[in-house]
Amino acid sequence: MHEPQLTMVSLSFKTIPLKKTNELAAFTLVVNKNFRLSSTKKVPEHDYIMTALSKPATMTLPYDWNGEMGGNNEKVESCLGEKHLLNIFLKELRQIDPDIILGHDLLDFGLEYILQRMKVHSVNGWSRLGRIKRKDMPRMAAQIGLARAGHDACNGRLVADTKTSAMELVKMRDYNLTSLCEEQIPEQLSGLKPHFLYACKNRKEYLPEHIVEAFGSSNTLRMLLQENINDCFRNMLISSNIQSLPLAVQITNICGNILSRTLSRGRAERNAYLLLHAFHKKDHLPPPPYKKKTVEDGDKKGPKFAGGMVLEPKKGLYTNYILLLDFNSLYPSIIQEYNICFTTTAMQAPPDLPKTMEEGILPFEIKKLVNRRKEVKKLIKNEKNADELARLNIRQLGLKLTANSMYGCLGFTASRFCAQPLAALVTAKGREILEATKVFVEKMNLEVVYGDTDSIMINSNSTNISEVMKLGNLVKKEVNKHYRLLEIDIDGAYKSMLLLKKKKYAAIDQNGKEEFKGLDIVRRDWSEIARNEGRTILKLLLHEQDEEEGVRKIHEHLEMIGTEAGKQRI
DNA sequence: AGCTGGAGCGC
DNA sequence: TCTACACAAGGCGCTCCAGCT
C-alpha cells in the first residue's frame, strides 16, 4: 500500500509566571506538509514557520518591538493577551489540520497545560485541538489526578512526544530537552549547516526569571523566540535520530494494535493485541483477562516470583583473557524450547513443564517473530541502498523488541495476559540452564569466574586471542549439543578484568573497548570528580599488564589529585 | 548491630 | 441516551546508603 503524505507540526511554547501558575507567552509551529511516517530520513524538512507572541498580563512589550525576527522575513504574530494567543493557536491549527503533533513532554504536560489555559479563558473552540467537535472538556489532572486530558483532546491526531519515545528507546540519565539535544542530535549531518546543528545541540535553558528578563528589550525577546523556534527543529532532529515514528509504525504492524497507543502507552497493551489476534486466528478462546484478586496482589512491593540466577563471582584482577559467552535471547528461546504457553501449561505453583506435544500459541508467535527477523537480517546482508537498509534495520529492531518484551508482560500484574506461573517457569528453566552450563563447562576442566542470568565468563588462562576464540568455539559447540534451538554464542573476550562483586566489574575487551558495569563510576549518585578519578584509576590498572606497576601509577595519580585538591584547584 | 526501604544499577 | 468511572503500568537480583530501633 502506498504510504500517505501527512502533515506534521512541531510545537514548542514558552510560558511566563503569573500568580501561582504560568501564562502562555509564545508558541511556534513548524509545519511539514510532506511527512511520511516510515521515513528514515535524518534531515528534517519544513514548509513554513509560524510564531506568535502575546503581551503577558504582568508585562509590557519592548517599546521598539516591531514584530519581526529580522533576517529571513519571519513575522511574529503579536497578540493582545493570552486569550487572543490561544485563539490564534486554534485558528492556525484549524488551518494546518495536522495529522501529527510533535513536541517534548506533550503527553504528560504540554497538551494538558494548553487545555488548562483554554479552560481558564473559557476558549470556545478548544476542541479544535482534535478532530471531533466536542462541548465538554475532558476532565483534567487537577480534578481526577490524571494528566491525559490534553492528549484526549487531540483525538484524530498522532502525538509524537520526544520525551516518551526517548524513554523507551534510548538509555539516558535525564530526558529533559536540553539533555536530549546534547545526546541525540548528531555532530554533523550532510545537508544541514554545521553552525545550525551546533546551535541545536547546545540548547539554552530559559528559567522563568530569564523569560521575564527577555521581555526587557526587543533583542532579548527575539533571542527568546529564536530559541523557541529552534526547539521545534530540535524535536524534529531528535525524533528522526531515534527513529521513533518509523519504529512505532513497525511495532504497530507487528502487534496489530493502534498507532497512537504505540506512541503513548506501555508495552503490555501491544503484546495483548498481538496475542488476541493470534488466539483469534487459531480459533482459540483466549484466557480470561487477568484481574488483580486483592489490592495487595498487585500493589504489594517486592518480587512475586524468582528471577535470573547470578553466579558467585571469583573476585580479583585477571590479566589473562576472560572468555564471554551468552545465550541468544534466553527467555524467548526458553518459551519455544519448552513450549510454554497459556494453552499448554497448567497455571500452578510450583510450575511444571507442559506434557502436550501440540505447539502453544505463545511459542508459535515468538517463533514467527524470530523467523521474520532472520529473514529481514538476510535482506540486510544483501541490501546496498542506504534508505532501504535503514528501513530494514528498523523492522528487525521492532521484531526483536516485540519478542523480548513477551516474558516481561507475563509477569506484569496489569497486563491482559499476566500469567506469573508461566513467567516463573521461564525463569526457573533459565536458572537451571545457567547452572547446568556452569557445571558442564567446569567438567571441561575450565574455570567459570562469573555469570549473570544468561551469560558465563570463563578464565581462558591464555593471552593468545586466537587460542581463546578456538576454546570459545569448542565450548559453544559442546553446550549447544544439549538443546534443540537454544543457542549459546561467543560475546567477546576481556583482555583484562577487575571483578569486584556481583554485577560490578570493569574490563577491557579484545578490541581495547572499556566496559564498566555497576561500579560507582557509572552511577549518577556519585560526584563527577569521584567518577572521573575512579575511571582514570581503573584504566591505569587495566591497561597496565604488570600489576605492581599499575598500583604504583595509581598511587602517583592519587598523590597528584590530593595536592591539587589541597590547593583548591579542583 | 541489625532491620527496612529506596535508588540505581545489571541482565 | 445519559452518567459515573477511570484512564499509569514489562520482570527480578544485587549492592549500597540512609534512617531507624
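Just so we're clear, the structure is a prediction, and the values are computed from it rather than from any experiment. Letters A, B, ... mirror the listed sequences (proteins, then strands); counts begin at 1.
Residues of residues 515-523 of chain A having a heavy atom closer than 4.0 Å to DNA chain B, listed by number: A:Phe516, A:Lys517, A:Gly518, A:Val522, A:Arg523. Of the residues in residues 482-500 of chain A, not one comes within less than 4.0 Å of DNA chain C through any heavy atom.
Residue pairs meeting the side chain to side chain donor-acceptor pair (under 3.5 Å) criterion with at least one partner in residues 497-512 of chain A, sequence neighbours excluded, are A:Asp452-A:Lys503. Pairs passing the salt bridge (Lys or Arg N to Asp or Glu O under 4.0 Å) check and including a residue from residues 335-353 of chain A, sequence neighbours excluded, read A:Asp352-A:Lys355.
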Below 3.5 Å is the cut-off: list the nitrogen or oxygen pairs between protein and nucleotides 1-5 of chain C, distance only.
none

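Residues forming a side chain to side chain contact (heavy atoms under 4.5 Å, CB included) with A:Phe412 (at least two apart in sequence, or on another chain): A:Ala268, A:Ala414, A:Ser415. For A:Ile490, the side chain to side chain contact (heavy atoms under 4.5 Å, CB included) criterion is met by A:Leu323, A:Leu325, A:Met469, A:Asn473, not counting sequence neighbours. Evaluation of the side chain to side chain contact (heavy atoms under 4.5 Å, CB included) rule for A:Pro288 yields no partner, not counting sequence neighbours. With sequence neighbours left out, the salt bridge (Lys or Arg N to Asp or Glu O under 4.0 Å) criterion links A:Lys517 to A:Glu515.
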Side chains of residues 394-406 of chain A: which donor-acceptor partners sit under 3.5 Å, not counting sequence neighbours?
from     : atom 1 : to       : atom 2 : distance (Å)
A:Arg395 : NH1    : A:Gln250 : OE1    : 2.4
A:Gln396 : OE1    : A:Arg373 : NE     : 2.7
A:Gln396 : OE1    : A:Arg373 : NH2    : 3.0
A:Gln396 : NE2    : A:Asn393 : OD1    : 3.2
A:Thr402 : OG1    : A:Gly398 : O      : 2.7
A:Ser405 : OG     : A:Asn271 : ND2    : 3.2
A:Ser405 : OG     : A:Leu401 : O      : 3.4
A:Ser405 : OG     : A:Thr402 : O      : 3.1

Would you tabulate the side-chain donor-acceptor contacts of residues 306-320 of chain A under 3.5 Å, counting partners in other chains and residues two or more places apart, or write 'none'?
from     : atom 1 : to       : atom 2 : distance (Å)
A:Tyr318 : OH     : A:Lys314 : O      : 2.5
A:Asn320 : ND2    : A:Asn461 : OD1    : 3.4

Donor-acceptor contacts, no H, no angles, side chain residues 169-182 of chain A, under 3.5 Å, sequence neighbours left out:
from     : atom 1 : to       : atom 2 : distance (Å)
A:Arg173 : NH2    : A:Val522 : O      : 2.3
A:Tyr175 : OH     : A:Val170 : O      : 2.8
A:Tyr175 : OH     : A:Met172 : N      : 2.9
A:Asn176 : OD1    : A:Thr178 : N      : 3.3
A:Asn176 : OD1    : A:Ser179 : N      : 2.8
A:Asn176 : OD1    : A:Ser179 : OG     : 2.8
A:Thr178 : OG1    : A:Arg203 : NH1    : 2.9
A:Thr178 : OG1    : A:Glu205 : OE2    : 2.9

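Comparing the C1' positions of B:dG10 and C:dG10 gives a spacing of 16 Å, expressed to the nearest Å.
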